[in-house]
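First the structure, in the form of structure tokens, and then the observations on it.
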Amino acid sequence: MNYWLIKSEPDAFSIDDLKNCPGRKEHWDGIRNYQARNFIRDDMRKGDLVLFYHSSCPQPGVVGLCEIVSDAYPDHTAFDPSSKYYDAGSDPDNPRWMMVDLRYRRKTKRLISLEEIKRHADRLTGFPLIRRGNRLSIMPVDKAHWDLILSLE
DNA sequence: GCCAACGTTGGC
DNA sequence: GCCAACGTTGGC
């Protein structure tokens, strides 16, 4: 079982948006970064747990928990010319981009802000979220780091 | 809105 | 295969 953090801009898709989806479930499309793709394709498994993080907003931070409820499968938006995620270079017979389905579990009792998480940097060695210039939209979270972040709740 | 940091692209 | 230019991310 692996642990993850995924970023989403709340203006585009928030934790409440996920909660309000039919079945509280949505496919996580639009990942167009090879490192993130490799995590999805190679390491994400059904049952893995995810910290839902709001980025590019007044209060960036962890806002909830969700669960991976599918194995990785091709991201069909890459084949749709009308999609903003269209990628002419992705061959349907050999898809370049993958996605998984996420299901809402719960919101955290309060926002666990990036600023607060950074205060524990000494116990979060190697955690990509607090590395300068980090742009990964999907990243693995060590169990110890997971426990620490949720202990702040 | 600014800008640092990083990934990607493309010329050579 | 190098690397400059460009685009994007995301905190502030």
Side-chain angles (χ1 to χ4, degrees), chain A residues 2-21 26-44 48-68 72-102 104-142 144-153:
Chain A
N2 290 317
Y3 297 89
W4 304 93
L5 180 144
I6 61 162
K7 296 178 185 169
S8 188
E9 301 187 19
D11 287 347
F13 194 84
S14 71
I15 185 77
D16 286 314
D17 291 330
L18 180 62
K19 184 181 180 182
N20 293 330
C21 283
E26 184 60 290
H27 55 273
W28 204 250
D29 62 16
I31 298 298
R32 297 292 181 270
N33 167 285
Y34 286 102
Q35 210 180 340
R37 189 278 313 269
N38 292 346
F39 285 137
I40 293 173
R41 187 191 57 193
D42 303 333
D43 299 319
M44 272 194 169
D48 287 355
L49 294 177
V50 178
L51 296 172
F52 197 105
Y53 178 92
H54 281 172
S55 66
S56 296
C57 59
Q59 282 234 284
V62 171
V63 292
L65 269 70
C66 50
E67 180 183 348
I68 308 290
Y73 60 101
D75 182 342
H76 57 78
T77 62
F79 312 128
D80 176 4
S82 69
S83 168
K84 66 171 174 169
Y85 299 123
Y86 178 61
D87 177 5
S90 182
D91 175 1
D93 293 328
N94 185 20
R96 179 178 290 173
W97 305 112
M98 308 290 281
M99 63 184 176
V100 291
D101 294 340
L102 279 187
Y104 171 87
R105 276 214 168 179
R106 67 176 179 89
K107 291 200 223 181
T108 48
K109 291 167 201 147
R110 61 183 185 83
L111 175 119
I112 305 167
S113 71
L114 176 62
E115 187 268 333
E116 184 175 357
I117 292 170
K118 280 181 171 169
R119 270 186 247 146
H120 300 273
D122 58 330
R123 294 164 65 194
L124 292 170
T125 310
F127 187 35
L129 185 72
I130 58 172
R131 275 210 294 264
R132 215 157 42 117
N134 122 77
R135 292 170 44 189
L136 263 183
S137 56
I138 292 182
M139 65 186 75
V141 183
D142 292 348
H145 296 168
W146 173 279
D147 290 341
L148 171 62
I149 290 165
L150 286 180
S151 76
L152 304 175
E153 187 179 0

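Atom set for the values below is all heavy atoms of this structure, side chains included, hydrogens, waters and symmetry mates excluded. Letters A, B, ... are given to chains in the order of the sequence lines, protein chains preceding strands, and every chain is numbered from 1. Please read these numbers as outputs of a predicted model, since none were measured by experiment.
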Partners of [X] by side chain to side chain contact (heavy atoms under 4.5 Å, CB included), sequence neighbours excluded?
{"X": "A:Tyr34", "result": "A:Arg37, A:Arg96, A:Trp97"}
{"X": "A:Tyr73", "result": "A:His27, A:Ser70, A:Met99, A:Asp101"}
{"X": "A:Thr77", "result": "A:Asp29, A:Arg32, A:Asp75, A:Ser83, A:Tyr85"}

Discussion item. Under 3.5 Å for both pairing distances: what stems, at least three Watson-Crick or G-U pairs long, include DNA chain B?
Written reply: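 Stem list for DNA chain B: B:1-12 with C:1-12.
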Worksheet entry | Length of the CZ-C1' vector between A:Arg119 and C:dG11, whole Å |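 Answer to the nearest Å: 16 Å.
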Fill in: Integer-rounded Å distance: C:dG11 P and A:Lys118 NZ
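Rounded to whole Å, this separation is 8 Å.
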Practice prompt. Strictly below 4.0 Å, heavy-atom distances to any atom of DNA chain C: list the hits from residues 89-100 of chain A, or just say none.
Written response: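 Within this stretch, nothing sits under 4.0 Å of the strand.
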For [X], enumerate each residue passing the side-chain hydrogen bond (donor to acceptor under 3.5 Å, both in side chains) test, keeping only those at least two apart in sequence or located in another chain.
{"X": "A:Glu67", "result": "A:Arg105"}
{"X": "A:Glu116", "result": "A:Arg110"}
{"X": "A:Lys19", "result": "none"}
{"X": "A:Asp142", "result": "none"}

Worksheet item: Hey, do the aromatic rings of A:Trp28 and A:Phe39 have their centres closer than 6.0 Å?
Response: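 That pair fails the under 6.0 Å test.
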Discussion item. Which residues pass the salt bridge (Lys or Arg N to Asp or Glu O under 4.0 Å) test with A:Lys107, not counting sequence neighbours?
Written reply: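 Only A:Asp16 meet the salt bridge (Lys or Arg N to Asp or Glu O under 4.0 Å) criterion with A:Lys107.
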Worksheet entry | Contact letters for nucleotides 1-10 of chain C, in which S counts primed atoms plus P, OP1 and OP2 and B counts the base, heavy atoms under 4.0 Å | ------BBBB
Between side-chain atoms of residues 146-153 of chain A and protein atoms elsewhere (two or more places apart, or another chain), which donor-acceptor pairs fall under 3.5 Å?
| unit_1 | atom_1 | unit_2 | atom_2 | d |
| --- | --- | --- | --- | --- |
| A:Asp147 | OD1 | A:Lys143 | NZ | 3.0 |
| A:Asp147 | OD2 | A:Lys143 | NZ | 2.9 |
| A:Ser151 | OG | A:Leu148 | O | 2.6 |
| A:Glu153 | OE1 | A:Arg106 | NH2 | 3.2 |
| A:Glu153 | OE2 | A:Arg106 | NH1 | 2.7 |
| A:Glu153 | OE2 | A:Lys109 | N | 2.8 |

